[in-house]
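Input: a single structure, listed below in structure tokens.
Below, chain A is the first sequence line, B the second, and so on; all start at residue 1.
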Amino acid sequence: MPNIKLPDGNSLNFDKKVNGFQIAEKISKSLSKQALIISVDGNLKDLNYEIYHDCSVKIYTAKDKEGLETIRHDTAHVLAMAVQEIFPKTQVTIGPVIDNGFYYDFARKDPFTEEDLRKIEKKMMEIVDRDEPTHREVWKRDKAIEHFKKAGEIYKAEIIKAIPKEEEVSVYFHGKWHDLCRGPHLSSTGKIGKYFKLTKVSGAYWRGDSKNEMLQRIYGTSWPSQKELDNYLKMIEEAEKRDHRKLGKEMDLFHFREESPGSVFWHERGWNLFQKLIDYMRLRQKKAGYKEINTPEILDRGLWEKSGHWEKFGEHMYTSTTPDEKIFAIKPMNCPGCVQVFNQGLKSYRDLPLKMSEFGKVHRYEPSGALHGLMRVRAFTQDDAHIFCTEDQITQESLSVTNLILDIYKDLGFKNVILKYSDRPEVRVGDDKVWDKSEAALLEAVKESKLEYSINKGEGAFYGPKIEFVLRDAIGRDWQCGTLQVDLNLPERLGASYVDKDGSKKIPVMLHRALFGSLERFIGILIENYAGKFPFWISPLQVVVIPVSDDFDKYSKEVANKVNNSGINCQVDLKNHNLNYKIREHSLAKVPILLICGKKEVDSNSVTIRKLDSNDQEIMKLDKFLEKYTALNQAASN
RNA sequence: GCCCUCAUAGUUAAAUGGUAUAACAUGUCCAUGGUAAGGAUAAAUUUCAAGUUCGAUUCUUGAUGGGGGCACCA
């Protein structure tokens, strides 16, 4: 006589036993149609799971995260079925749900082609039409291993070996095809619907370890309705349109070339933007009490050995040998140089916290496969700073970094920021007591920030715990930019000290922090966030002056000069084209303000303003324009 | 670095075992224009190296670089 408690507080009574289908039917007809899986006392189960005892249940549909994930998980199974039907010798491995979809890793000699994907999709449709019923069996571990080994599924057998002893080994059947799986699953293959698509094939290491063999991964996406699938595909298209590599080319911001893979050739417009961000950051940091310094790009090998970089980071470092055979390294990080500035001259506890900022260009020899436009490069500029302080000051200083970063992100159009807190990794330096203290101090700052945060166990740097600042862009993608790291190691290694109140020498704590992170990456993110249509104050080229005909070239040049002299980036277009042509060209280049100059304007000493994406025309006295737009140009910097 | 894939004017594309086509961009000329492409005309290209071949941009191999992932990461 199980008594079934429902989420709304009501309960139902059944004779003997009951399953999810029967409960759903009893609640409502529409629910029974939409029901996908059920949770019994918080554990997700198949709908035909038999309940003999009192419990609370919740029935999930495609509207719930759990329901949607099950659809995707089932689609992954159907993918594996289809692959094995078409390519019988292929081994299956794992097929989890990911954001917006799923993947399945296969072991097979020949690579899957785009054509194969279409073939597999067709087969998947067939399997959906066949509506193969699902059923679940629990096997003995040894039997399961034996079975999969015999079937030539070596990877599956390995997975079973790795399942903890106390867990049961369950095998799901869809018709005859079966797979080792924890479940839960939908009641038949027809339930997943046909709103899926296989999106790409790629390589992936077995168990995510680059020492292991490479498998073939097929990615797919799956949704409860055609509309949601279409929306998702449209979002992908939108992301492609915003691709900063494409826009960077179109807007004449930068380019890459073979002679220096992963390093940016900045064009005038892109560099304008770059400088503007630095100007802005410089102002903000000055107000926040930072002192800007600059240190050498190339430093003797000995310093890097002392700092530990030579050993821990060596494979990412560029080195340079001088004609007299000395070895120098091109800095991959700014910290050792900064510590040396701290080390020059005796420091007192009264100097702390000492915040030193540096726009340092660093070089890292990144693996070739990691390079990606501006997002991942081999030479980049950090808006770096190092805060030397006492252990007691960690929380306060971390908090002020967090507040500064939030404010800055807001100015640049990002309102959603979350934190990722990472604590001690297995391989680390320093005493556990000091770790305890600094982790606690940093976590306190995280909590006090009142922001949403996640804890990444064991992902801290080898020298201390860290926070990463993740921002969400206009189309919902997350990017990691800023970072704050507590360093318990480097000051000591490089002999940094200050004189405390009692006259004794103490080692300071150092906080590393970067707000944009890498200027290059941040610009990439900005381009994609705004789809190239920047707010006026950071626009790569802010104003273009266009004469109505060449009779007005002289006046247009004068206007452009005045605009430039007021600190606004401006060009005049004197090319031999008509007005319409020029408006189109500069609009496509996403210049926010076009100033049209013809007879009217010359006579009244004014300009006609045409804003991007607007057909409105506004005529304004030149003086007034300068006044208004100079103020706008400063807007976010105050 | 690993798996897959691609490489043709400044850009985006097309074609071919017999040296390559177009659009846009660029230069010159005409048109002197009022809010998203006016007209004429010119110059310019097969990533690099080796091989097969009478002949390679096309086929083969290698290198380099790009793209999608994996691993690594700001």
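When the side-chain nitrogen and oxygen atoms of A:Asn578 are compared with OP1 and OP2 of B:rG38, one or more of them lie within a distance under 4.0 Å. The phosphate of B:rG67 has OP1 or OP2 within less than 4.0 Å of a side-chain N or O from A:Arg245. Residue A:His372 places at least one side-chain N or O under 4.0 Å from the OP1 or OP2 atom of B:rG68. OP1 or OP2 of B:rU11 has not a single side-chain nitrogen or oxygen of A:Lys249 nearer than 4.0 Å. When the side-chain nitrogen and oxygen atoms of A:Tyr103 are compared with OP1 and OP2 of B:rC70, none of them lie within a distance under 4.0 Å.
Closest contact between the side chain of A:Glu366 and the listed nucleotides B:rG66, B:rA74, B:rU64 involves B:rA74. The side chain of A:Tyr581 has B:rA25 as its nearest neighbour among B:rG69, B:rA25, B:rG1. The listed nucleotides are B:rU26, B:rU64, B:rC2; the one nearest the side chain of A:Met214 is B:rC2.
Note that CG of A:Leu412 is 9.5 Å distant from CG of A:Leu471, once rounded to the nearest 0.5 Å. A:Asp383 contributes atom CG, which lies 11.0 Å from atom OH of A:Tyr280 (distance to the nearest 0.5 angstrom). Annotation: the span from A:Cys597 atom SG to A:Asn605 atom CG amounts to 10.0 Å, rounded to 0.5 Å. Here the NE2-NE2 distance, from A:His267 to A:His255, works out to 5.0 Å after rounding to the nearest 0.5 Å.
The two residues A:Leu117 and A:Leu198 come nearest to each other via the heavy atoms O-CD1, 3.6 Å. Contact record, A:Cys481 with A:Phe516: CB-O, 3.6 Å, taken as the closest heavy-atom pair.
Not a single donor-acceptor pair, N or O on each side, falls under 3.5 Å between the base of B:rU32 and the side chain of A:Asp551. The base of B:rG34 sits within donor-acceptor range of the side chain of A:Glu601, with an N or O pair under 3.5 Å. A:Tyr205 contributes a side-chain N or O that forms a donor-acceptor pair with the base of B:rG1 under 3.5 Å. For A:Arg376 and B:rC72, a side-chain-to-base donor-acceptor distance below 3.5 Å is present, hydrogens and geometry of angles not being considered. Between the side chain of A:Arg217 and the base of B:rC70 there is no donor-acceptor pair of N/O atoms closer than 3.5 Å.
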Canonical and wobble pairing (Watson-Crick, G-U, under 3.5 Å) of RNA chain B, dot-bracket with |: (((((((..((((....[..)))).(((((.......)))))....(((((..]....))))))))))))....

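In textbook terms, a nucleotide whose glycosidic angle is within 90° of 0 is syn, and B:rU19 is one such case.
Residue A:Gly208 is in sugar-phosphate contact alone, with no base atom involved, counting any heavy-atom pair closer than 4.0 Å across all strands shown. Here A:Ser549 lies in heavy-atom contact (under 4.0 Å) with a base. If you check every strand for non-hydrogen atoms under 4.0 Å, A:Ala514 touches nothing. A:Thr113 comes within contact range of no nucleotide atom at all, as no heavy-atom separation falls under 4.0 Å.
For the side-chain contact (heavy atoms from CB on, under 4.5 Å) test with A:Tyr155, the passing option among A:Thr93, A:Asp105, A:Ile94, A:Val92 is A:Thr93; the others fail.
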